[in-house]
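Following: one structure in C-alpha cells, then a few remarks.
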There are 2 protein chains.
Amino acid sequence: MARPRKPLLSRERIVETASALVDSEGLDAVSTRRLAAELGVSGPSLYNHFRNKDEILDAVADALSARIDLSMFDEGDARGWSDALHDWAVSYRGVLTDHPNVVPVLARGPGRRPAGLRVADAVFGAMVRAGWPPAQATYIGALMRYFITGSALGSFARGFVDDRDAYDPADYPHLGQAHLLAERQEKVDEGAFETGLRALVDGLALQYETFGEKTQR
Amino acid sequence: MARPRKPLLSRERIVETASALVDSEGLDAVSTRRLAAELGVSGPSLYNHFRNKDEILDAVADALSARIDLSMFDEGDARGWSDALHDWAVSYRGVLTDHPNVVPVLARGPGRRPAGLRVADAVFGAMVRAGWPPAQATYIGALMRYFITGSALGSFARGFVDDRDAYDPADYPHLGQAHLLAERQEKVDEGAFETGLRALVDGLALQYETFGEKTQR
DNA sequence: ACCTGAACACCGTTCAAGT
DNA sequence: ACCTGAACACCGTTCAAGT
C-alpha cells in the first residue's frame, strides 16, 4: 500500500480510538500494535503522528482535562471561592470516574498538556483573585488535585477483596464488614469523596478567616 | 546447575532486591528477567516463589505498609481522634515519599496484603471507638487514603515542566512562575500536604461537632 | 523442591523501502 | 508526507528437563 492518496490516520482519529480502547479494555490493552490494528493500519504508522506512545496517552488525558468545567472560576461568576472550588472538584471527579482507566496518566501532572495547564491556571488565578496569597493559592491547587485524583485512582472500596475469608477477625477485628465494600463501591467512594470535599473546603475557609485577621493587624 | 542443595532464592531476598530496584531505577526497571539477573538467577526461577510479577510488587508494597506508624490508634494513646488521624497521615506520607516509585502499586488498595489491611483496620477501629458512626468511619479511612496517596503519587510540583517557554502568558495568564515549581518541588508538595491535612482534619472536626449535636437531641 | 534453557506470544521503536 | 515489513532488543509466563 505504501502511502495512500488520502492519509489514513490523523491525530484526532488516533486519540479517539485510543480513548475508546482505554475505556473499554484498560490501559494495558493500549499497545501500539493493538491500537494500530484497531485503526486498520500497521504499528509503526503511529509514529508519523506522535513521537511515542506516551504522547498518545498524554493526548488522551488532555482530552479529558478539556472536559472539566472551569466556568465557576470566571470573573463574572457570583459564587464565592469556596463554592467555586467545591463545584469544580465535583466536575473534575465526575470526568475522572467516567474514565477511571485514564486516571493514572492524568495523575502524572499537566506537563505540557494545554488543557491540564488551563485547569491549573484557572484555579490558581481564581484563588489569588479571592485574596489568597500566591503561595497558598499554589497549595490549594495542589492539594485539591491530590484529593481528586487520589479518589478517582484508588477506589477505596474496589481496593478490598470481595471474600469474607480474607478478613480473619483475629487479625483484623474491625473489618468484619469489609467484604461488603466491593458491592457498595460506588456509594462508599461517593460518600467518602463528598465528606472529604466538604471537610477540605470548610477547613480551608477556617484558614482563610485566620489569615484575614492576621493581615488586618 | 538445576537444583542447588541450598535454595538460591527466598521470598524475602526477592522482595528486598525488588524494593531496592524500584527505589533506584523505577517501577519499569523491574522486569522478571532484570530482577532475576540482579539475584544471580534466571528469569523463570522467580515463579517458584511467587505466582506472578504482580505478587512480587504487592509484597514490596506491603513491606512499605508495614512501616506506617499505627501506635497513635492504640487504646492507651492519649491523643484525640483528630490528632491521631493527623499524626498517622504524616507517618503514612513520610513512608511513601521515601519510596515514591512504589506508590502506584500501593494505590491499588490493600487487596489481600496483610499490612495494608492492618492499616485499614486500625483507622476504622479508632474512629468508631471515638464515636464516629461506622459509615462515617469508613469514609474517613477512604478519604484520608485518597489524599495521602494522591499527594505522594502526583507530586504536584514535579508535574510541571521546568521550562519558562512552556507557559505562554497569553494562554495561561497566572502561570508566570510555574517553571519555578520544579526546583521548589519539595517545599511546595510539603506545604500543600500540610495545608490540606490541616484543612481536612479541621473540617472533619466541624462535622463531628454537628453530628454530636444531632445525636444529643 | 528448585533451578535451567527453550519457547510462545507478546512489547516499543527504528529504519530502509515504497509511492 | 505517510504508509509498509523487517528487525532489534526487549517483555511475562509456561513447561519439560535436570538433580
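Chain A is the first sequence line, chain B the second, and so forth, proteins listed ahead of strands; every chain is numbered from 1. All values derive from a computational prediction rather than experimental measurement.
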Measure CG/B:Asp28 against C1'/D:dC10 and give the value in whole Å, please. 13 Å
For A:Ser31, answer base if it contacts any base atom (sugar-phosphate contacts may also be present), sugar-phosphate if it contacts only those atoms, and nothing otherwise; contact means non-hydrogen atoms under 4.0 Å. sugar-phosphate
Do side-chain atoms of A:Asp121 reach the backbone of B:His174 as a donor and acceptor pair under 3.5 angstrom? yes
What is the distance, to the nearest angstrom, from the CZ atom on A:Arg11 to the C1' atom on D:dA1? 16 Å
Determine whether A:Asp69 and A:Tyr92 satisfy the following criterion, side-chain hydrogen bond (donor to acceptor under 3.5 Å, both in side chains), listing intermediate values before the conclusion. CA-CA 7 Å; A:Asp69 186 8; A:Tyr92 199 153; over 6 Å; no
Between A:Ala18 and A:Ile56, the two heavy atoms sitting closest are CB-CG2, 4.1 Å
Does D:dG18 have a Watson-Crick or wobble partner in any strand here, with both distances under 3.5 angstrom, and which is it? C:dC2
Among the candidates C:dC3, C:dT13, D:dT14, find the nucleotide nearest to the side-chain atoms of A:Asn52. C:dT13
Among the candidates C:dG12, D:dT13, D:dC2, find the nucleotide nearest to the side-chain atoms of A:Tyr47. C:dG12
Counting just side-chain N and O atoms, does A:His49 come under 4.0 Å of either OP1 or OP2 of D:dA1? no
Length of the line joining A:Glu55:CD and C:dT13:C1', which is rounded to integer Å: 14 Å
C:dT19 C1' sits how many Å from A:Lys6 NZ, rounded? 18 Å
Gap between atoms CG and P, on B:Asp54 and D:dT13 respectively (whole Å): 7 Å
When you measure from the side chain of B:Leu8, which nucleotide among D:dC3, C:dC3, D:dA6 comes out closest? C:dC3
Verify the neighbour count for atom CZ of A:Arg164: are there more than 12 heavy atoms of other residues, nucleotides or ligands below 6.0 Å? no
Whichever of A:Arg51 and A:Arg34 has its nearest DNA chain C nucleotide further upstream toward 5': A:Arg34
Check: A:Val119 and A:Arg145 side chains under 4.5 Å, non-hydrogen atoms: no
Please state whether the phosphate of C:dC3, meaning OP1 or OP2, lies under 4.0 angstrom from any side-chain nitrogen or oxygen of B:Ser42. no
Identified pairing partner of D:dA7, criterion: Watson-Crick or G-U wobble below 3.5 Å: C:dT13
Which whole-number value in Å describes the distance from A:Phe50 CZ to D:dC3 P? 12 Å
Shortest side-chain distance from A:Ser45, nucleotide among C:dC2, D:dA6, D:dC3: D:dC3
Once you round it to whole Å, what is the distance between P of D:dC2 and CG of A:Asn48? 7 Å
So what does B:Thr32 hit on the nucleic acid, given a heavy-atom distance under 4.0 Å: a base, only sugar-phosphate, or nothing? base
B:Arg33 CZ to D:dT13 P, in whole Å, measures 11 Å
